[in-house]
There are 2 protein chains.
Amino acid sequence: MRTPRRSAVDESRTRTALLDAAQGLMLEEGYAAVSSRRVGAKADMNPAMVHYYFGTMDGLFIELFRRGAERSFEQLTRALLSAQPLWGFWEATHDQTSSAMTMEFIALANHRKAIRSEIAGYSRRFRQTQLDVLSRVLVGYGVDPQVWPPVTIILMMAGISRFLLIEQEFELDTGHAEMIAVIERHIRELEGDRVLDPAPLASRDG
Amino acid sequence: MRTPRRSAVDESRTRTALLDAAQGLMLEEGYAAVSSRRVGAKADMNPAMVHYYFGTMDGLFIELFRRGAERSFEQLTRALLSAQPLWGFWEATHDQTSSAMTMEFIALANHRKAIRSEIAGYSRRFRQTQLDVLSRVLVGYGVDPQVWPPVTIILMMAGISRFLLIEQEFELDTGHAEMIAVIERHIRELEGDRVLDPAPLASRDG
DNA sequence: GTCTATAGCTGGATAGAC
DNA sequence: GTCTATCCAGCTATAGAC
């Protein structure tokens, strides 16, 4: 009997507007801009609403993190279950918004301990899912796990992708095209050309 | 006739103590903990000293960033000019303190524009130096630049290293050992076993 | 160079009216 | 659910004594 995932208050339009406002501020000006007053102003609402819906600012941050994480997890799952899981995963790691939010939360975690454990928990879950699916996929492609353990391929793609995204925010792009080309060459060797919007398998031949 | 690099005020003990205090706070509690009051308290000094030495908080942050960047640059140069430049570079990317500070400054840059251009400028300089040296080195090792352009090797090592460091701060280490093993296996193929504290070439048979 | 004092602002949180 | 009013804390920055 845990807390129900969705209470009445979770679905309120006001609540969603506050989360949206907080996310906007975080992306545009960093987490330090996310104050109850500024969130209220951006959502055209009274600052006191933040406390009514989330209690404390920590509460707001945690709910915002969870909302984003759940969305990313759905995106990840869809990517991994598609016909080209490697391509899907690689593209999922490019999500600019999600990556920028993650960076802010990582910085936040330094002085908000509740955020820290939230991030750690979700990260474990993400990694496990990636590993479960891609381990099977890579073995299927004939990649020798002694030479390239699946987890290293995941860490490489995730790490490089995030690094490039961060650099992009500073208008640095030296070598980015070459880096992407090298990675995609390897993906292509395993999984063929990227097929955009591939038809679901079930619909083939009706 | 630009501003001289080192004025009298630059070498003051007080100034150094303030920078040290700011750095400590930043690492322990994140950039948001770096206020003139807290820096003053940590350095056992009056908060007004911060404004005397740095003018504004932005001034403090910029000087702190530069001090760290200069130190890292010296470390990088030493690593690249050593007998095993690839090993040296790889190890330089592991600097926990430097990486954590960089993360904080990246987050800061989101709402402090002066920081943003400071980071971009130094990053370009770092990348250029890495590229100049490692391009020659890798060609010397016989790495085909058509298949593995030097810049991709740099980006891979830097990106992966930072990713692992971030995860470590959240007590995540799944696959880290395997990832490091794979990278070091490749470095070893090019540059042999790591020789710790190698004697300078000049002293051999000297 | 160092300190006190203080102006002026922004923020978190709550009580209580409606 | 929403809003007003308010308390208290912490912050930057400056003026001016020593």
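So that the names make sense, note that chain A is the first sequence line, chain B the second, and so on, each numbered from 1.
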Considering all heavy atoms of both residues, which atom of B:A158 and which atom of B:T93 are nearest to each other, and what is their separation? CA-CG2, 4.3 Å
Distance in angstrom units between B:Y31 OH and D:dT12 P, rounded: 13 Å
Assess whether a salt bridge exists between A:R15 and A:E63, defined as any Lys/Arg side-chain N lying under 4.0 Å from an Asp/Glu carboxylate O. yes
Only counting residues at least two apart or in another chain, list the ones meeting side-chain contact (heavy atoms from CB on, under 4.5 Å) with B:D58. B:T56, B:R112, B:A114
Spacing between B:F54 atom CZ and C:dG1 atom C1', to the nearest angstrom: 14 Å
Between B:E70 and B:R125, does any side-chain N to carboxylate O distance fall below 4.0 Å? yes
Can you check each nucleotide of nucleotides 2-18 of chain C against protein heavy atoms at under 4.0 Å and return B for base, S for sugar-phosphate only, - for none, in 5' to 3' order? BBB------BBBB----
Residue pairs passing the side chain to side chain donor-acceptor pair (under 3.5 Å) test with at least one member in residues 39-49 of chain A, sequence neighbours excluded, are A:E28-A:K42
